[in-house]
Asks: 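The structure's right below; bear with me while I get my questions together.
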2 protein chains.
Amino acid sequence: MTKKQPNYVAIVDDHLLFAGSLEKLIETFNGFDVLYHAKNGADLQQKIKENAQLPDIILLDINMPVMDGFETVKWLTENHPSIKVLALSMEDDETVILRMLRSGAKGYLLKDIHPDKLEEALNEVMEKGYYHSEKVAETLLHSLRPDDSSVDLVLKENEITFMQLACSEMTYKEIAAVMNLSPKTIDGYRQELFNKLHIKNRVGLVIYGLKNEIISL
Amino acid sequence: MTKKQPNYVAIVDDHLLFAGSLEKLIETFNGFDVLYHAKNGADLQQKIKENAQLPDIILLDINMPVMDGFETVKWLTENHPSIKVLALSMEDDETVILRMLRSGAKGYLLKDIHPDKLEEALNEVMEKGYYHSEKVAETLLHSLRPDDSSVDLVLKENEITFMQLACSEMTYKEIAAVMNLSPKTIDGYRQELFNKLHIKNRVGLVIYGLKNEIISL
DNA sequence: TTATACCATAGGAAAAACCCTGTTCCAAGG
DNA sequence: CCTTGGAACAGGGTTTTTCCTATGGTATAA
């Protein structure tokens, strides 16, 4: 009976308590070891540079300060394509899932899954190279409607600033004052965003911003 | 050397993965055993009824579906005052912390603490009956401003329903239709809420609802 | 140099949101 | 029976938001 080398896992999550707990859980699994954790994407880059041993799998939280999951997975797929990234998040928001998968994640796990599912996912991602839970698979199918062309939909600096300010009790006129622009320009941003994001009103904008973690409370 | 009986911990969190991981972590601590977990407050009530052995400490997540942390801790302090409740949440929002503590929680832990801190908290809450991290202690002090009179500010059923619907792209007229009320009545709710909550517009309402976990995305 | 594209901006108008005050109905308490 | 209070709702006015279309300026690619 030859003892195989374990698969190395890295955890990226700003919630230390969760990360630490998850480590204990993973160490009860057969054939997996936790290499290290990182608090965010930037921290992970650091850790990768410092350590000779690369992780086989990275469990990556999406909403983090500093360098979030989207940026991180993009960096990883470009610089370390051999590492398999499993996204880990609480929201099963379709656009978020798709964005992660499109960015290069090999799977998407909801944080409310049963611990056993995690072991299953880890094994499957090592064997097959990807893992998709039923729920996510469903979302994937559901998303195959041809519309799209949603080429990553980039928001410009000013639009993001506006969005953040719009997530407050400020009036557009006040926002214009803060941003040092004409109210009419602000109205232009608003309209452009409504079109791009397929939303109907300011509340929709706030919701979109929160769901996509462009703004936060 | 007499072996003491361990302290029993129950975990209430709708994120199974987190709960499961946390269990593994706690079992590495000296003198603590996890009795069971529950997905939410209602589930916890169930578990408490079924099991003869009561937990000594409950680690309680705040934002859960069905029966959230606030309701749960209230129920616990009324029905099982001997159980020490530690609230567990990611947000360090002042109003949320205060609301939990006022509702009877013996401590408030942010989910981004170091795992060692959890052990410290568990030990301290068993010894002293309470635990407050530096951060929370600060918030507590900060909150001792005399203003308040914030007599728990109860929202009625209809107001909450309205609030939830207002957190969407629906128009007030549409909300009125859904709730089967006159648009003018809806306007009344709106006004009443704006006054009670000291907010200026619908975005403010959405933000309030989210911060106080009355609504969720 | 011209076409193109993008940005800030404007006019004008309809719809929705916001605000204040007042009426009716009904139930509960004195 | 009368009073009080809350809930639903209306009238009517002001402010913001929303929507559509259009123009001048500047950078840039052709």
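So that the names make sense, note that chain A is the first sequence line, chain B the second, and so on, each numbered from 1.
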Asks: Is the cationic atom of A:Lys156 (NZ for Lys, CZ for Arg) positioned less than 6.0 Å from the six-membered ring centroid of A:Tyr189 and within 45 degrees of its normal?
Replies: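 That pair does not qualify as a cation-pi contact.
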Asks: So, do A:Tyr131 and A:Glu120 sit near enough that their side-chain heavy atoms are less than 4.5 Å apart?
Replies: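 The answer is yes; the side chains approach within 4.5 Å.
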Asks: Do A:Leu60 and A:Val73 have side-chain heavy atoms sitting under 4.5 Å apart?
Replies: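 In contact.
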Asks: Any pair with a residue in residues 160-179 of chain B that passes side-chain hydrogen bond (donor to acceptor under 3.5 Å, both in side chains), sequence neighbours left out, goes on the list, sorted by first then second residue, please.
Replies: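 Sorted result for residues 160-179 of chain B: empty, none.
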Asks: Starting from the first five and the last five pairs of the helix from C:dT1-D:dA30 to C:dG30-D:dC1, work out the angle between the resulting helix axes, to 10 degrees.
Replies: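 Rounded value for the end-axis angle: 30°.
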Asks: Mind checking whether B:Met163 and B:Leu197 have side chains closer than 4.5 Å, heavy atoms only?
Replies: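 Touching, per the 4.5 Å side-chain cut-off.
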Asks: How would you list all residue pairs meeting ring pair (Phe, Tyr, Trp, His ring centres under 6.0 Å) that involve residues 80-107 of chain B, not counting sequence neighbours?
Replies: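 For residues 80-107 of chain B, and leaving out neighbouring residues, the ring pair (Phe, Tyr, Trp, His ring centres under 6.0 Å) pairs sorted by first residue read B:Trp75-B:His80.
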Asks: Which nucleotides of nucleotides 6-17 of chain D have their base under 4.0 Å from a protein heavy atom (B), which only their sugar-phosphate (S), and which neither (-), written as one string 5' to 3'?
Replies: -SSBBBB---SS
Asks: Could you tell me whether the side chain of A:Leu86 reaches within less than 4.5 Å of the side chain of A:Leu122, counting heavy atoms only?
Replies: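 With C-beta onward as the side chain, the pair touches.
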Asks: Answer whether the closest heavy-atom distance between the side chains of A:Leu59 and A:Val12 falls below 4.5 Å.
Replies: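 A side-chain contact under 4.5 Å is absent here.
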Asks: Reading DNA chain C 5' to 3', which nucleotide is the first, and which the last, to come under 4.0 Å of any heavy atom in chain A?
Replies: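 On DNA chain C, the outermost contacted nucleotides are C:dC7 to C:dG12.
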Asks: Would you say that B:Ile62 contacts B:Leu88 through its side chain, given a criterion of any heavy-atom pair below 4.5 Å between the two side chains?
Replies: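 No, their side chains stay 4.5 Å or more apart.
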Asks: List, one per line, each side-chain donor-acceptor pair under 3.5 Å for residues 48-57 of chain A, sequence neighbours excluded.
Replies:
unit_1, atom_1, unit_2, atom_2, d
A:Glu50, OE2, A:Gln46, NE2, 3.3
A:Asn51, ND2, A:Lys47, O, 3.1
A:Asp56, OD2, A:Tyr8, N, 2.7

